[in-house]
Amino acid sequence: MTDAIRTELERVAAGFGADGLEFVLERPRDAGHGDLATNLAMLLARRDRTNPREMAARVIGELRFSPTVVSRTEVAGPGFINIWLAENQLTGAIAEILERGKSYGRTAAAGSLKVNLEFVSANPTGPLHVGHGRGAALGDAIASLYEWTGHTVTREFYINDAGVQVDRLAASLWARIKQEAGLQADIPEGGYHGEYLRENARQVLASEGSGFARLPDDEGLRRSRALGIRMQREEQDRDLADFGVRFDVMSSEQAIYDAGRVEHAIALLGERGLTYEAEGALWLRTTQFGDDKDRVLRKSDGSLTYLVPDIAYHIDKHDRGFDRAIDVWGADHHGYIPRMRAVLVALGYAPDFFGVELVQLVKVLREGEEVKMSKRSGEFVTLHNLVNEVGVDAARYFFLARKGASPLDFDVELAKKQTDENPVFYVQMAHARLSGIFRTAERDPDAVEGELDLAALPAPQDSELLKTLVTFPEAVARAAREREPHRITVFLHELATVVHGWYHHTRAVGAPEGPDTERARLLLARAARTVLANGLTLLGITTPDRM
RNA sequence: GCGCCUGUAGCUCAACUGGAUAGAGCACCGGCCUUCUAAGCCGGUGGUUGCAGGUUCGAGCCCUGCCAGGCGCGCCA
């Protein structure tokens with residue numbers, strides 16, 4: 001809706017010799033400041049060191065808006081240009097919601113990108129915990145935001161099935177198997193002590209036979225490794241599926257080794273002159289590309305550092321033709337970003353090819369007390385338990401209610417509450433109430449059609465709702481641009497507030513203002529229900545019709 | 001010691017790439033059910049945006065220096 005206005009402002013800006021100037025066109029907080037406002041004139045005045053209000057007047061003099069688009073403009077405050085839309089703009093915007101339905105809010109990107117979004121990527125050494133859940137919710141929502149703005153997304157999970165961690169898993173499981181069979185064995189240093197491995201051990205003995213525990217250590221370890229990875233992977237996949245997260249591609253570190261891509265990566269870096277030998281090790285010159293020290297690729301004992309398969313993996317993503325590789329990482333890995341970026345820049349990839357979204361820790365609170373997590377001892381809050389307790393909708397909403405970089409307090413009691421204190425219920429309730437209107441009217445909401453008659457919507461709550469609805473596509477676009485899904489939860493909460501106020505103060509079915517108003521309010525209710533549903537669906541949250 | 005993140009109402013957080021009078025929820029106080037879901041609505045109390053400077057028409061946002069918290073700084077992953 002604002003495209004035509006932006007285009008005209010850009011034309012005038014170009015006339016002032018400010019082609020491509022990045023000005024803001026936004027909906028002011030204060031309704032008295034118009035439907036839209038721009039700081040264009042203030043930016044021009046700054047450039048020319050002239051009076052911003054005079055510049056605003058000159059800009060307005062150059063603007064040629066159709067009266068069917070803009071009804072009025074004014075200079076305001078320090079030099080803002082406030083713009084009032086023609087009424088039929090709002091009618092048209094609502095018509096667009098009704099027409100586009102489930103796809104309202106989707107926009108086509110100027111240049112459609114092929115995006116790889118890697119998230120969760122947990123070691124296959126134990127159950128997913130709440131931190132993984134936050135990463136899963138965030139990654140999935142960012143992926144959806146890219147899709148909603150016209151890009152193609154591959155959701156990808158990287159399985160670290162080749163490193164030291166899975167060696168420890170194998171040794172730990174092997175020890176548990178022996179223990180379950182009544183033999184003497186200890187969990188090794190740095191191993192996994194969780195109860196889940198005892199259970200896995202019993203499963204192995206049940207399926208493979210009790211003789212399994214008496215295999216020679218090398219064979220027992222080898223087979224424990226494969227079985228352990230498989231069992232952990234299956235459990236993780238089940239937890240993710242229960243959480244509503246689906247991956248397009250599961251990549252395996254081992255497979256990258258097996259395909260020779262790791263050695264290939266070292267060779268490639270060598271060819272580019274990016275490596276050197278020193279102190280018996282092979283080093284990578286990451287300092288030339290923004291890292292604060294060079295990094296070892298091959299240790300003096302001949303083994304590779306974990307950096308190498310990660311490099312190979314990111315080269316692989318590039319080779320698969322992605323324009324963007326976005327990784328969702330735990331915040332404790334942030335020190336790792338400069339070296340990975342340095343490598344990819346060194347290889348000549350575009351600077352914005354690689355991006356990282358950091359996820360801060362989740363603190364789980366129960367009755368005001370922190371539930372402590374310790375992976376080493378195996379006592380931690382699993383995603384599975386959390387979802388069982390509070391449900392997928394609440395878990396997703398809570399994980400997405402804050403930007404990823406902020407630490408999150410997850411109040412289990414609040415998430416379970418079925419009252420308006422709980423934001424997810426508050427938002428879903430708005431949707432359910434709108435659905436209730438159509439039950440009362442005995443109408444299928446999608447069958448309510450016709451042109452919206454603004455004159456039949458006299459209540460201030462009517463116009464507030466109208467104006468809130470049409471900002472949804474911009475909210476989506478911005479959330480996508482910033483990779484910040486929390487902007488959608490903020491929008492949804494605001495919209496829900498407006499819906500509840502509208503619902504309370506006005507009546508659709510049997511509207512006292514008459515049948516024209518009833519017709520218009522049913523259309524408005526349908527549009528509001530659509531937008532709420534689209535926002536919730538984007539975040540992977542259900543849209544109940546009754547609660 | 002160095003780097004990254006964070007610091008906004010009693011608590012949890014927003015704030016549209018530097019805009020107009022910093023906003024929500026919870027908590028607290030006071031109202032509202034003959035009404036499509038009171039699982040809701042309306043109003044009120046509550047702020048030196050950690051501190052001190054700087055940049056400019058304008059700073060919660062940018063710069064500098066402090067303070068506090070978290071994370072990281074390995075030929076571990």
Nearest-angstrom distance from the residue atom [atom1] of [X] to [atom2] of [N]:
{"X": "A:R507", "N": "B:U34", "atom1": "CZ", "atom2": "P", "value": "14 Å"}
{"X": "A:K403", "N": "B:U17", "atom1": "NZ", "atom2": "P", "value": "13 Å"}
{"X": "A:L524", "N": "B:C36", "atom1": "CG", "atom2": "P", "value": "19 Å"}
{"X": "A:Q461", "N": "B:C41", "atom1": "CD", "atom2": "C1'", "value": "10 Å"}
{"X": "A:R341", "N": "B:C4", "atom1": "CZ", "atom2": "P", "value": "13 Å"}
{"X": "A:R47", "N": "B:G18", "atom1": "CZ", "atom2": "C1'", "value": "18 Å"}
{"X": "A:L25", "N": "B:U17", "atom1": "CG", "atom2": "C1'", "value": "14 Å"}
{"X": "A:E464", "N": "B:C42", "atom1": "CD", "atom2": "C1'", "value": "13 Å"}

Rounded [atom1] spacing from [N] to [M] in Å:
{"N": "B:U55", "M": "B:G3", "atom1": "P", "answer": "25 Å"}
{"N": "B:A15", "M": "B:G25", "atom1": "C1'", "answer": "15 Å"}
{"N": "B:G23", "M": "B:U48", "atom1": "P", "answer": "15 Å"}
{"N": "B:G70", "M": "B:C29", "atom1": "P", "answer": "35 Å"}
{"N": "B:G46", "M": "B:C5", "atom1": "P", "answer": "36 Å"}
{"N": "B:G1", "M": "B:A59", "atom1": "C1'", "answer": "32 Å"}
{"N": "B:C41", "M": "B:G7", "atom1": "P", "answer": "29 Å"}
{"N": "B:U49", "M": "B:C61", "atom1": "C1'", "answer": "10 Å"}

For [X] and [Y], which I'm curious about, is there any donor-acceptor pair between the side chains at under 3.5 Å?
{"X": "A:R483", "Y": "A:Y146", "answer": "yes"}
{"X": "A:D327", "Y": "A:Y158", "answer": "no"}
{"X": "A:D294", "Y": "A:Y276", "answer": "yes"}
{"X": "A:E494", "Y": "A:T468", "answer": "no"}
{"X": "A:R546", "Y": "A:S435", "answer": "no"}

Protein N or O to nucleotides 24-32 of chain B N or O, pairs below 3.5 Å:
none

Produce the list of close N/O pairs, under 3.5 Å, pairing protein atoms with atoms of nucleotides 9-12 of chain B; give distances to one decimal.
unit_1	atom_1	unit_2	atom_2	d
B:U12	O2'	A:R402	NH2	2.7

The glycosidic conformation of B:C33, counting syn as within 90° of 0 and anti otherwise, is syn

Item checked: A:R6 NZ/CZ over A:F23 ring centroid, <6.0 Å and within 45° of normal ->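 Relative to the ring axis of A:F23, which defines the angle, A:R6 lies inside both limits.
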
query: Looking at the side chain of A:A508, which of B:C36, B:U37, B:U17 is the nearest nucleotide?
result: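 Given the options B:C36, B:U37, B:U17, the side chain of A:A508 is closest to B:C36.
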
Per atom distances to the A:R46 side chain, the nearest of B:A14, B:U37, B:G58 is B:G58

With B for base contact, S for sugar-phosphate-only contact and - for none (protein heavy atoms under 4.0 Å), nucleotides 70-77 of chain B reads -BS-SBSB

| query | Taking the six-membered ring for Trp, are the ring centroids of A:F80 and A:H33 within less than 6.0 Å of each other? | reply |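 No, they do not, as the ring centres are separated by 6.0 Å or more.
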
Partner set under ring pair (Phe, Tyr, Trp, His ring centres under 6.0 Å) for A:H500, not counting sequence neighbours: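 Counting only residues at least two positions away or on another chain, A:H500 forms a ring pair (Phe, Tyr, Trp, His ring centres under 6.0 Å) with A:Y426.
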
Polar atom pairs between nucleotides 19-22 of chain B and protein, under 3.5 Å, N or O only, would you list them?
unit_1	atom_1	unit_2	atom_2	d
B:A20	OP2	A:R29	NH1	2.8
B:A20	N6	A:N82	OD1	2.7
B:A20	N1	A:N82	OD1	3.2
B:A20	N1	A:N82	ND2	3.3

Who passes side chain to side chain donor-acceptor pair (under 3.5 Å) against [X], sequence neighbours left out?
{"X": "A:R134", "result": "none"}
{"X": "A:Q254", "result": "A:D258"}
{"X": "A:Q165", "result": "A:Y192"}

Looking across every strand, which nucleic acid part, if any, lies under 4.0 Å from [X] by heavy atom: base, sugar-phosphate, or nothing?
{"X": "A:A432", "value": "base"}
{"X": "A:V490", "value": "sugar-phosphate"}
{"X": "A:T506", "value": "base"}
{"X": "A:E482", "value": "base"}

Measuring to OP1 and OP2 of [N], would you say a side-chain N or O of [X] lies under 4.0 angstrom away?
{"X": "A:R439", "N": "B:U37", "answer": "no"}
{"X": "A:Y503", "N": "B:C36", "answer": "no"}
{"X": "A:R481", "N": "B:C16", "answer": "no"}

Salt bridge (charged side-chain N to carboxylate O under 4.0 Å, His left out) pairs touching residues 161-173 of chain A, sequence neighbours excluded, are A:D167-A:R225

Can you tell me how far the CD1 atom of A:I256 sits from the CD1 atom of A:I159, to the nearest 0.5 Å?
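The distance works out to 10.0 Å.
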
- Message: Holding to salt bridge (Lys or Arg N to Asp or Glu O under 4.0 Å), I want the full list of residues that pass it with A:R295, two or more places apart in sequence or in another chain.
- Response: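 A:R295 satisfies salt bridge (Lys or Arg N to Asp or Glu O under 4.0 Å) with A:D291, A:D292 once adjacent residues are dropped.
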
Hits for salt bridge (Lys or Arg N to Asp or Glu O under 4.0 Å) against A:E449, two or more places apart or cross-chain, chain-then-number order -> none

Between A:R298 and the options A:E279, A:E263, A:E277, the salt bridge (charged side-chain N to carboxylate O under 4.0 Å, His left out) test singles out A:E263

Base-paired stretches in RNA chain B with three or more consecutive Watson-Crick or G-U pairs, both distances under 3.5 Å, amount to B:1-7 with B:67-73, B:10-13 with B:23-26, B:28-32 with B:40-44, B:50-54 with B:62-66

query = Taking 4.0 angstrom as the limit, do A:R521 and A:E513 come out as a salt bridge?
reply =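 Counted as a salt bridge, because a side-chain N and a carboxylate O are separated by less than 4.0 Å.
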
Any idea how A:Y336 and A:H333 line up, ring-wise: parallel (<30°), tilted (30 to 60°), or perpendicular (>60°)? perpendicular

*A:R324 atom CZ, over 12 foreign heavy atoms within 6.0 Å*: yes

